[in-house]
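Residue numbers start at 1 and run along the sequence shown. Every number for a ligand or one of its atoms is a count from 1 in the order of the listing. Note: hydrogens, waters and symmetry copies are ignored here, and every other heavy atom, side chains too, is used.
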Amino acid sequence: MKRTKIVHLVNADTAQGRVLLMGWVRTRRDARGFSFIEVNDGSCLKNIQVIADEKLHNYKKIRKLSTGSAVSVTGKLAESKGAGQKWEVIADGIEIISLAPESYPLQKKRHSDEFLRAIAHLRPRTNKYGAAFRVRSEMAFAIHKFFRDRGFRYIHTPILTGSDCEGAGNLFRVTALDLNRLPMQYGTVDYSKDFFGKEAKLTVSGQLEAEMLALALGDVYTFGPTFRAEDSNTRRHAAEFWMVEPEMAFCDLQGNMNLAEELVKYLCGFALDECRSDLELFARFVDKRLLTALERIVQSQFVRLPYREAVDILIRSGKRFEYPVRFGLDLQSEHEWYLTEEHFKKPVIVFDYPKAIKPFYMRVNDDGITVGAMDVLVPSIGEIIGGSQREERLDVLERRMEETGMRKEDYWWYLDARRYGSVPHSGFGLGFERLLMLVTGISNIRDVIPFPRTPKNIEF
Ligand code: 4AD
Ligand code: MG
């Protein structure tokens, strides 16, 4: 007999006759002559209620089934007489696959997020985290669907790299050298002796390589893990996170902003349509306004705001911010929150940032002071997307690299793309975990990643 997933049972239209299901016991309740066992297999939020009659040959053992135990059940799907569920399973056989001892840490009461982080290997078995990781899977699918439906090609960019895309110096180094016996030359490490014959790092962004593919295939996107050694313990930074990075040839900043807005709306809409029951759980226990907030994003028109005007609004707000606001300084999260939550109360795309605070690859505007950069800010998260039109003019790009102190010989291939068939092109990076925080209402990035990596934390 083939195993049926509980998601198909709870949503069944008709009683399907005999079924086989496997899962874990959430609770057991005994009555006279029979027991109710709530079984969950992770395929959906809902449990299925199994009725175990005392006539079952191992009923004595069944009455010992504890929370967390694993069972295999055969029986008949029948309309439930109890409230709260449509179907239940009248068992004709219950095999106990394993019995969980009393020390099982996930008992019926609600546990704090902090406690559950310390048992990240078990927390996917709770309602909230099971839902979070199912939504994570659905949203990854939604990203592929969005881009494929629009003719984008999915590409893979390297995780090991020799370049520093963002120039922020927050790179993890990768080496095969013996750290206790480093080969030295003139007082510095001789990387020519290392595995790749030069310094290697974990990528902070697949953008530079994605550009090369966009200049060949047109519209592409990469979606993979990225790494940043940012020593800031905030609720929205992780050292390992996933980024979705589309890159489009023959596309300017306008087209880039249009795609970013369309993507964010699509993903919020997809979550509302396809992850409804999981989202309803978050709306009950995590963020009461979640569903309306997402609906509002889907229906809204994002504000498009030049950086210069954003600075003016912040100064005129009369708010006392912790960090100063002035043309030429980067916006901090408190400023992003003010703009999107308090002032506009909807998503805002800030564009044309000063070039001095942005990486070398962004296209210099005619004013010579700003670059064609854009950040999408959304309520409760702040920056969810960062992107730009790329500098396609060889001479301007070379000058920017000199200004920012980059070694041109290391980026010869990137410059080649401007020598041969260079065209205006644009792209952006969407932080996948920030998206998950948005669609679940979960406020800490550590709780949308199964095994988060943050400063001083690499357990599991
Ligand atoms: O704004 P960022 O740094 O942009 C880039 O890396 C570009 N090269 C992307 C591109 O144009 N292809 O990062 C993009 C997004 C941010 O908006 C944020 O959502 C997310 O990545 N992000 C992080 N998410 C979690 N933890 C971190 N430490 C993050 N740093 C950035
Ligand atoms: Mg950014």
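For ligand 1, the protein residues within 4.0 angstrom (heavy atoms only) are C165, E166, S205, Q207, R228, E230, R236, H237, A238, F241, M243, E245, Y361, E383, I384, I385, G386, G387, R390, G427, F428, G429, G431, R434, I445.
Every pair passing salt bridge (charged side-chain N to carboxylate O under 4.0 Å, His left out) that includes a residue from residues 212-236 is listed here, sequence neighbours excluded: R236-E336. Pairs of residues two or more places apart, or lying in two chains, that qualify as salt bridge (charged side-chain N to carboxylate O under 4.0 Å, His left out) and include a residue from residues 150-171 are R150-E262.
In summary, the aromatic rings of F321 and H335 are positioned with their centroids under 6.0 Å apart. Ring pair Y154/Y221: centre-to-centre distance below 6.0 Å. F196 and Y191 have their aromatic ring centers separated by at least 6.0 angstrom.
Within the cation-pi definition used here (under 6.0 Å to the ring centroid, within 45° of the axis), K145 does not qualify as a partner of Y266. For R304 and F302, the positive end is not near the middle of the six-membered ring at less than 6.0 Å and at most 45° from its axis.
Here the protein contributes E383 OE2 as N, O or S atoms under 2.8 Å from the Mg ion (ligand 2).
Counting only N and O atoms by type, the side chains of Q207 and Y361 include a donor and acceptor under 3.5 Å apart. A side-chain donor from one of T161 and S163 sits under 3.5 Å from a side-chain acceptor of the other.
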